[in-house]
Amino acid sequence: HVQLVESGGGSVQAGGTLRLGCAASGHSDSSYFMAWFRQAPGKEREGVAAIHLRGHFTRYADSVAGRFTLAQDNAKKTLYLQMNDLKPEDTAMYYCAADRDVNVPPSLVLDSRRYNYWGQGTQVTVS
């Protein structure tokens with residue numbers, strides 16, 4: 001059973017940076033997609049970025065491409081989301097998600113319905 005724990009949220013001014021972390025446990029191999037999603041009040045959950053743990057596939061939402069970057073620390077089993085040039089519209093609760101790659105077609109890596117394992121979320125506020 002995969003468990004995910006997010007960290008690193010907070011408040012920052014527009015143009016600032018934050019790094020979110022997602023520590024994963026309970027998976028025995030790297031045949032997984034991991035992804036970040038976000039949800040602002042009154043809005044649907046939105047896919048932000050996704051990666052295959054073998055590192056050969058990444059995808060970013062158009063709204064964050066060029067500003068956000070995924071990075072893996074395999075020794076720590078942690079996925080990071082480096083967020084640069086933050087904007088007020090990036091304000092949301094950010095969630096980490098994971099699932100086996102057989103359950104996530106590459107074309108749907110930013111579709112929250114494809115993921116069964118979720119963290120508790122971490123708040124990001126940009127003013």
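All values below were derived from every heavy atom in this structure, side-chain atoms included, with hydrogens, water molecules and symmetry-related copies excluded.
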May I have all residue pairs that pass salt bridge (Lys or Arg N to Asp or Glu O under 4.0 Å) and include part of [range], sequence neighbours excluded?
range            : value
residues 9-18    : none
residues 117-127 : none
residues 85-95   : Arg38-Asp90, Arg67-Asp90
residues 95-124  : Asp29-Arg100, Asp111-Arg113

Excluding Leu4, membership of its hydrophobic cluster (Ile, Leu, Val, Met, Phe, Trp, Tyr; side-chain heavy atoms within less than 4.5 Å) reads Val2, Val12, Leu18, Leu20, Tyr32, Met34, Trp36, Val48, Ile51, Leu53, Tyr60, Val64, Phe68, Leu70, Leu79, Leu81, Met83, Leu86, Tyr94, Tyr117, Val124, Val126
Sequence neighbours excluded, which residues qualify as side chain to side chain contact (heavy atoms under 4.5 Å, CB included) partners of [X]?
X      : value
Arg54  : Ser30, Ser31, His52, His56
Ser11  : Thr125
Lys77  : His27
Gln120 : Val5, Glu6

Step by step, work out the side chain to side chain contact (heavy atoms under 4.5 Å, CB included) result for Phe57 and Val109. CA-CA 10 Å; Phe57 181 97; Val109 292; 3.8 Å; yes
The complete set of disulfide (SG to SG under 2.5 Å) pairs with one or both residues in residues 10-112, sequence neighbours excluded, reads Cys22-Cys96
Disulfide (SG to SG under 2.5 Å) contacts touching residues 40-73 (sequence neighbours left out)
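Every pair satisfying disulfide (SG to SG under 2.5 Å) with a residue in residues 40-73: there are none.
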- Message: Is the terminal nitrogen or CZ of Arg45 (NZ for Lys, CZ for Arg) located under 6.0 angstrom from the six-membered ring centre of Phe37 and within 45° of that ring's axis?
- Response: no
dist Gln123:CD -> Met93:CE (nearest 0.5 Å) comes out at 5.0 Å
*Report the residues that fulfil side-chain hydrogen bond (donor to acceptor under 3.5 Å, both in side chains) with Asp62, sequence neighbours left out, ordered by chain and then residue number.*
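side-chain hydrogen bond (donor to acceptor under 3.5 Å, both in side chains) list for Asp62, sorted by chain: empty.
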Note to self: If you define the side chain from C-beta out and look only at heavy atoms, does anything of Ser63 sit under 4.5 Å from Glu46?
What the structure shows: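 SC-SC contact between Ser63 and Glu46 confirmed.
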